[in-house]
Protein chains: 2
Amino acid sequence: MLSLVEENYLKAIYHLSEGGQAQVSTNAIADAIHTKPASVSDMIQKLDRKRVIQYTKYQGVKVTKEGKEAALKVIRKHRLWEVFLVEQLNFNWDEVHDVAEQLEHIKSPLLIERLDAFLGHPKVDPHGDPIPDAQGVINTKPQKPLHQLDLGAEAIIRAVKDSSPAFLRHLDKLGAYLGAGVKILEKEEFDNSMQIQIDQSTVVFISNEVGQNILVQEN
Amino acid sequence: MLSLVEENYLKAIYHLSEGGQAQVSTNAIADAIHTKPASVSDMIQKLDRKRVIQYTKYQGVKVTKEGKEAALKVIRKHRLWEVFLVEQLNFNWDEVHDVAEQLEHIKSPLLIERLDAFLGHPKVDPHGDPIPDAQGVINTKPQKPLHQLDLGAEAIIRAVKDSSPAFLRHLDKLGAYLGAGVKILEKEEFDNSMQIQIDQSTVVFISNEVGQNILVQEN
DNA sequence: ATATATTTTTAGATGATTCTAAATTATATT
DNA sequence: AATATAATTTAGAATCATCTAAAAATATAT
Ligand SMILES: [Mn+2]
Ligand SMILES: [Mn+2]
Ligand SMILES: [Mn+2]
Ligand SMILES: [Mn+2]
């Protein structure tokens, strides 16, 4: 059994390690959870004792098989709750994160399976992130950043890399949303900005920063 | 701001004081939360400092106005979540308590107002307990224990005093549920047991223990 | 009104999580 | 290779919530 705090550490480590593959440094964790490296040092030793990560002094940590399973359970809950908030309670996609951050720690296997069924077993959350199934299997589809598309290319917006309220509200303003079709009308070599058409109608300017954080599936 | 633990103490104190009226003793709180009196002694001093209860050494505590407001907010959340679990996620009424005990601590005013609207502003929870509105106003209707009814009297089951899974499953077995019509067919002076008819059909025996924990509204 | 029993509080300790400051190890630069 | 810089760990302390054991206050029973 992991505490709420331990779950948050493990989830952050899992995300930083891109699916449990890479080694993660103490400072990277501290940055991600907004704690001090000293606190992280303590905690990763505890998580190593609980066998959810493998810790080597001064070398960072790696998520174990058990750790990956535990992390995916929390992520599954987080994303299912986000779907619930958006689809059932009419939250906007920029309002769900902090609440889901709390709800993901509710302990009840029955609750999460019933919620999943109630929502119709959704495959992605409101930000396009895939929802692991009860066995922890994730279904990922090939996606690339919008700003990597060639001139004239057409694609569909599938996910956002940045889920911050600020970025999401900016997308709302642009008229960009998951499922929207986009076409590259112009590309600026100079600053990597582009002009794109959304849904065959609106034309908007996209900075490099924005283009990198929109993930699309090419037609 | 109250911590999760403080909220649980305050809620227990509020319930023990019957709506914030009565003085509550240290031992009573310890029994209710399954802690030791020493721990309660510490905590009630903290809650007094936070002005949600008024503590007099050796004399127990009383809930303040602010305390009552805070307690009712937690109770509102608890009961709304119970309605959600039963009505939307098909939980049985004996399965909801432990989960609601966790969900009641989620902090998000938006969430609770949206949930309330989503559920259609329910007035009672699955155990017949009234749900305080956003202002903390509770709508109570006159109810009495089933075992106080006279022979031949007819009434409708409105609530249960005991929400333990064991009791609720017993009621399921008897065929008793909220909204069911009952009629007193026989009363035993000796042990306060009775024979009642449910929904004009089933006839069942009810012990004193059970009769005291079923609340009805007389026709 | 004493003595006894019960309730309540305090003292001291523990585990969890966090912090600052200091020490240690690893990495980068000359 | 020696030195400077950066990353990491440890030491020591704080806060929160809990406990056991002991002390103090209140209530009950002769
Ligand atoms: Mn969290
Ligand atoms: Mn998300
Ligand atoms: Mn609770
Ligand atoms: Mn209830």
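Chain identifiers are assigned alphabetically (A, B, ...) following the order of the sequence lines, protein sequences preceding nucleic acid strands; residue numbering begins at 1 within each chain. Bear in mind the structure is a predicted one, so any value in this text is a computation, not a measurement.
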**Prompt:** Got a sec? Which of residues 5-14 of chain B come in under 4.0 Å of DNA chain D, heavy atoms?
**Reply:** B:V5, B:E6, B:Y9
**Prompt:** Between residues 49-57 of chain A and DNA chain D, which residues have a heavy-atom gap below 4.0 Å?
**Reply:** A:Y55, A:K57
**Request:** Rounded to the nearest angstrom, tell me the gap between atom OH in A:Y58 and atom P in C:dA23.
**Result:** 13 Å
**Request:** Grab the CG-C1' distance between B:L4 and D:dC16 for me, whole Å please.
**Result:** 12 Å
**Request:** Using atom NZ of B:K36 as one end and atom P of C:dT9 as the other, report the distance to the nearest whole Å.
**Result:** 17 Å
**Message:** In this structure, how many angstroms lie between the C1' atom of D:dC19 and the CE atom of B:M43, rounded?
**Reply:** 14 Å
**Request:** Starting at atom CD of B:Q45, determine the distance to atom C1' of D:dT18, rounded to an integer number of angstrom.
**Result:** 15 Å
**Request:** Scan for salt bridge (Lys or Arg N to Asp or Glu O under 4.0 Å) pairs involving residues 22-39 of chain A, sequence neighbours excluded, and state none if there are none.
**Result:** none
**Request:** May I have all residue pairs that pass ring-ring contact (aromatic ring centres under 6.0 Å, His included) and include part of residues 86-112 of chain B, sequence neighbours excluded?
**Result:** B:H78-B:H97
**Prompt:** For A:K73, does the NZ atom sit with more than 12 other heavy atoms under 6.0 Å from it, leaving out its own atoms?
**Reply:** no
**Request:** Scan for ring-ring contact (aromatic ring centres under 6.0 Å, His included) pairs involving residues 28-69 of chain B, sequence neighbours excluded, and state none if there are none.
**Result:** none
**Prompt:** Who are the salt bridge (Lys or Arg N to Asp or Glu O under 4.0 Å) partners of A:R158, not counting sequence neighbours?
**Reply:** none
**Complete:** Per atom distances to the A:A38 side chain, the nearest of D:dA11, C:dT8, C:dT18 is D:dA11
**Request:** Provide the full list of side-chain hydrogen bond (donor to acceptor under 3.5 Å, both in side chains) pairs with a residue in residues 126-138 of chain A, sequence neighbours left out, each pair given once.
**Result:** A:E82-A:H127
**Item:** Partners meeting salt bridge (Lys or Arg N to Asp or Glu O under 4.0 Å) with B:E66 (sequence neighbours left out)
**Value:** none
**Complete:** Taken to the nearest whole Å, CG/A:L2 to P/C:dA16 is 13 Å
**Prompt:** Counting just side-chain N and O atoms, does B:S41 come under 4.0 Å of either OP1 or OP2 of C:dT9?
**Reply:** yes
**Request:** Verify whether one side chain among B:D191 and B:S193 offers a donor that lies under 3.5 Å from an acceptor in the other.
**Result:** yes
**Message:** Can you tell me if B:T35 touches the phosphate of D:dT18, counting only side-chain N or O atoms and a distance under 4.0 Å to OP1 or OP2?
**Reply:** no
**Message:** Does D:dA7 have OP1 or OP2 under 4.0 Å away from a side-chain N or O of A:Q59?
**Reply:** no
**Request:** Figure out the CD1/C1' separation between A:I33 and C:dC19, and round it to whole Å.
**Result:** 15 Å
**Fill in**
Residues pairing under side-chain hydrogen bond (donor to acceptor under 3.5 Å, both in side chains) where one sits in residues 136-147 of chain B, two or more places apart or in two chains, turn out to be B:K144-B:E218
**Message:** Strictly below 4.0 Å: does B:T26 bring a side-chain N or O up to OP1 or OP2 of C:dT9?
**Reply:** yes
**Request:** Anything under 30° is parallel, anything over 60° is perpendicular, the rest tilted; go ahead and classify B:F118 against A:F118.
**Result:** perpendicular
**Asked** Between C:dA16 atom P and A:D42 atom CG, what is the distance in whole Å?
**Response** 12 Å
**Fill in**
Sorted by chain and residue number, the salt bridge (Lys or Arg N to Asp or Glu O under 4.0 Å) partners of B:E95 (sequence neighbours excluded) come out as none
Provide a list of protein-nucleic acid N or O atom pairs under 3.5 angstrom, restricted to nucleotides 2-6 of chain D.
none

**Item:** Any pair counted as salt bridge (Lys or Arg N to Asp or Glu O under 4.0 Å), so long as it reaches residues 160-169 of chain B, sequence neighbours left out
**Value:** B:D94-B:R169
